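Have a look at this one before I ask anything.
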Amino acid sequence: VTTVLTQTVARLLFLPAMAVAAATLVKGYVDTGDGFAAGVIAALAVLLQVVVFGVDEVARRLPLHTAPAAAAAGLLLALAVTFGPTLFGRAPLTHAPAPGERVIHFGTLEVLTAVAFDVGVFLLVLGFAVTSIRLLAEAGRGRPR
Amino acid sequence: MAGDWGSTTGLLLAVTALAPLVVLLAGRLRPRLAAPAAIVPATVALLLLGWIGGRGGAAVDVAWAPSWGVSLALTPDPLGILYGSLAAGVGLLVLLYAAAYMPRHLLHEGRPPHDGVPFWASMSGFLAAMVWLALAQDLVLLFVCWDVTAVASYFLIGFDRQHPAARRAAIMALLVTGVSAILFLVGALWLGSTYGTMRIGELAGLLEPGAATTAALACIVVAALAKSAQAPFHFWLPRAMAAPTPVSAYLHSAAMVAAGVYLLARVYPLLVAAPALLDALVVVGFASMAVGGVLALANDELKRLLAYSTIAQYGYVVVLLGLDPAIGPGAAAFAVVAHAVAKSGLFLTAGAVTEATGEKLLGRVGGLWRSHPVLALASGVCAAGLAALPLTGGFFKDELFFKAALDRGPLVTALALAGAALSFGYAARFWAGIFLGRSGPAETRPLPVLLVAPIAALAIAVLLVGVAPGGLSSLAEAAGAVSTGVRLPVEVAYHLDARPENLLALASFGGGAVLALAASRRGEIGPALADALGRFGPERFYVAMLQGLNHLSDAVHRFEVRDLRSRVAWILMPAGVLMLAGVAATPTAGAYLPGSFSRADVPLLLVLGVAAVAAVAVAVPTNHLAVVLLLSGVGYALTVVFALVGAPDVALVAVLMETLFALLFLGVLAALPRSVLGRLARSRSPTAIRHRDVALGILAGGFAFVAAWGVLSRPAALETVATLQIELTPTAHAGDVVTAILADFRGLDTMGEISVIGVALLGLMTLLRRERAR
């Protein structure tokens, strides 16, 4: 069913979709959306490629096999943000900077540990979704239709 | 006590803790770099321990979780220095030996060189955990280090993962020491919550004797005994001999098993509050000496023989700790070092012999002194140390043991004599069986220097302690003082007279020689005895328990998988019935209002109508594809509802999830063979079950409707948690309430939920990979 048209659209959509995911992620703390939504958007972008081009072709172009590692890294990052403060005698998930303190800005991006936590969620969701997509696609490949 | 990381002690802790990471990084660059990356920190750790032992070191005390009263309290007291140096010193020699051994081992097993990297990382991780454990003063910190050693030992014992025996041994060691470690945690938390502190030093002053205290301490003691492989938990140690030789030489002589008696010595100030436990230690110790000693005499496999002798030798130490407090702890510290040094030398000998001849059985080797005189001499000294001959450190170990036993009366003395005779017996049998005798294998390989030098170094240590025991005995004295609170002399010296200790020692040598000869003559009894113990011993309970758990898991699995609809029914039916009871019990007057309706509600109503139609259509039997599409239709309709009532965050996530979910669902369908799908679509459930399903659906749906109506009829609460959270959002530097709730206010919930995603991912990968492997 993949035609030149769908292939072109899919190819054209990939980078904008990733940009939307990144924007949803970093702006999540001040606007609608968060790490979870960003992870799903990015995963959908990958899924579109897999549906149009097939998993083998996509695996050649994108590092799909690193997805489990990304998920693990995300989980570890979230764990670090959660339990890191206990090393300094604070309650789990004590975010820095504390309420009332000044926030460092990069442009409009605010540097917060809560954002790091959200990045962890993003990586985990993306890794989970991409791994499931890849494994399911590979499982479905060898079957008689 | 106060301190931070900026002291020599802090440096020691940091060096050991970072070593495994350095090993992993170095091993990633070049597999050959892993060995030096493990050896250098071990050397530094040993030097630092020596420095701190000589000059004294500051305590490290950092608040960890102050609200729970837990702190990173590590003090380099003599007890810690003694066990820490033992772990680092023997560890260093074993690592040097392994530098020559492991490449050959990997070659024999047909594994690539980079497979050795996890070995080095686990070894230095184990070393770090032992050093931290030795210095820890806080019960929770002790537990954490304790568990790290258990986890590291799992990877080390199961290093040859291609052998089923190694995998079984690893899981057995992990279960026996890990499950008992939970008892340790229970005991520690029990004491901590009763007395409000986790520090052993503070607890010792507060503890009141009583049944509760005894029970809590008993939990800790059981964990310690399991770790030291004392009867009846001893069975994991001989199995663990499936590990590569350096692992056995380190973990099963100087580290893992020493951790158990170390814990007993560490909590000794608490054990005094429960004298019954000290008596129990004597019984357990003697039982282990009997079981270990007899089986060591009977066993023919080199490393297993040594493993059983380790069980017996730690029995010595446990007995010493249970006997007279005036001698016990100090003598126990002395005995642990004297034994560990000699025993690791013998383990390394076993590995070298196997490397030279390719044989693992005592009956298959012999007369090796001709081809390997240096090895014979070095391991002879180590064996003499185990057999407690004069001029070795082992002699004083027995002297102290006899002295403590003599105080306790004739029965204990007789048992002590029997135990000592057994140790002479198996030590003599091991050494003479390998190096003496007429016949050996036809040809032997020469050994590289690094496979012999560490044994020689250990032998020299054995001799040094035997000739000049003053240094070790004063350290043991100081270590004993940590346990008892008073510095009591550990008197070790040669006396050339007919005092009872000397006579007992002579008697044990004679008895041991007879035992060794008898054991070598009647080789048939041994295997039969080992077989009988294996059949009726405690290992049987372990196996039965494991099988029981497996059966239970299988039964649950079968029940869950057999019929999905029954399982859903089991959830829906109670939910519906409970809801019915709730509605029946509450007054209904004014609880169900139709509400008002305006033109602005028309779009919402339309969308809800679409959702309802799609939901009903799902229940009409069609093919799988239609069901999936209809289900996602319901989802999209509800997404629109969220968007209409002003919940953009929820709507965004919902639409994304619906899309992803529908596509993945289709992917699953595509992965299933078409014939299976067709058969499923054509098949009809029996009429009775279909009626049941319809009835349950109406019950559950009806009451969900009633509940939702009831809730919506109430006026919205003015002040809720949500209002508070909206107010707090700006202080969390956030503009979006939902994200602030997810990442900050209820972040711990999110953490738990994403952990579930991680676990689900693992499960998915395992399932689909296994499917593909078929």
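We use all heavy atoms of the structure for the numbers below, so side chains are in, but hydrogens, waters and symmetry mates are not. What you are looking at is a predicted structure, and each value in this text was computed from that prediction instead of being measured. Convention: sequence-line order gives letters A, B, ...; per-chain numbering from 1.
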Considering only heavy atoms, which portion of A/Leu75 lies under 4.5 Å from any heavy atom of chain B: side chain, backbone, both, or neither?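 Backbone plus side chain of A/Leu75, per the 4.5 Å heavy-atom cut-off to chain B.
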
What do you reckon, is CZ of A/Phe14 surrounded by more than 12 foreign heavy atoms closer than 6.0 Å?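 Counting neighbours around CZ of A/Phe14, more than 12 heavy atoms of other residues, nucleotides or ligands fall under 6.0 Å, so yes.
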
Output the distance between atom CD1 (A/Ile133) and atom CG (B/Leu663), rounded to the nearest 0.5 Å.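 A/Ile133 atom CD1 to B/Leu663 atom CG measures 8.5 Å (nearest 0.5 Å).
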
Check this for me: B/Phe745, atom CZ, are more than 12 non-hydrogen atoms of other residues, nucleotides or ligands nearer than 6.0 Å?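 Result for CZ/B/Phe745: enclosed.
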
Show every side chain to side chain donor-acceptor pair (under 3.5 Å) that has at least one partner inside residues 40-54 of chain A, sequence neighbours left out.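 Side chain to side chain donor-acceptor pair (under 3.5 Å) check on residues 40-54 of chain A returns no pairs.
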
To the nearest 0.5 Å, what is the distance between CE (B/Met751) and CZ (A/Phe83)?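 With rounding to 0.5 Å, CE (B/Met751) is 6.5 Å from CZ (A/Phe83).
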
Please list all pairs meeting ring-ring contact (aromatic ring centres under 6.0 Å, His included) that have one or both residues in residues 654-674 of chain B, counting only residues at least two apart or in different chains.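 Output for this query lists B/Phe661-B/Phe665.
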
Crowded around A/Arg61 CZ? As in, over 12 foreign heavy atoms under 6.0 Å?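 Atom CZ in A/Arg61 is packed in, count exceeds 12.
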
Part of A/Thr82 lying under 4.5 Å from any heavy atom of chain B: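 For A/Thr82, the contact with chain B is made by the side chain alone.
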
Is there side-chain contact between A/Phe117 and B/Thr750, with at least one heavy-atom pair below 4.5 Å?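 SC-SC contact between A/Phe117 and B/Thr750 confirmed.
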
Got a second to check how far B/Leu652's CG is from A/Thr24's OG1, nearest 0.5 Å?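 Here the interatomic distance stands at 7.0 Å.
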
What is the minimum heavy-atom distance between B/Leu764 and A/Leu135, and which atoms define it?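 That closest heavy-atom pairing would be O-CD1, 4.3 Å.
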
In the structure I gave you, are the side-chain heavy atoms of B/Ile757 and A/Val121 within less than 4.5 Å of one another anywhere?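 A side-chain contact under 4.5 Å is absent here.
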
Atom CZ in A/Phe36, atom CD in B/Glu753: separation rounded to 0.5 Å?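 Interatomic distance, A/Phe36 CZ to B/Glu753 CD, rounded to 0.5 Å: 9.5 Å.
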
Max heavy-atom pair count under 4.5 Å with chain A, selected residue of B/Val655, B/Leu660, B/Val653: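 Result: the option with the highest number of such pairs is B/Leu660.
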
Roughly how far, to the nearest 0.5 Å, is the CG atom of B/Asp744 from the OG1 atom of A/Thr113?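 Answer for the OG1-CG pair, A/Thr113 versus B/Asp744, is 7.5 Å.
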
At a heavy-atom separation under 4.5 Å, does A/Ala72 approach chain B through its side chain, its backbone, both, or neither?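 For A/Ala72, neither part sits under 4.5 Å from chain B.
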
Give the minimum heavy-atom separation between B/Ile754 and A/Leu124, together with the two atoms involved.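 Looking at all heavy atoms of both residues, the closest pair is O-CD2, 3.0 Å.
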
Report the residue from A/Ile41, A/Leu44, A/Leu48, A/Val40 that forms a side chain to side chain contact (heavy atoms under 4.5 Å, CB included) with B/Thr659.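 That would be A/Leu44.
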
What closest approach, in Å, do B/Ala743 and A/Ala114 show between heavy atoms, and which atom pair accounts for it?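 Heavy atoms of B/Ala743 and A/Ala114 come nearest at CB-O, 4.1 Å.
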
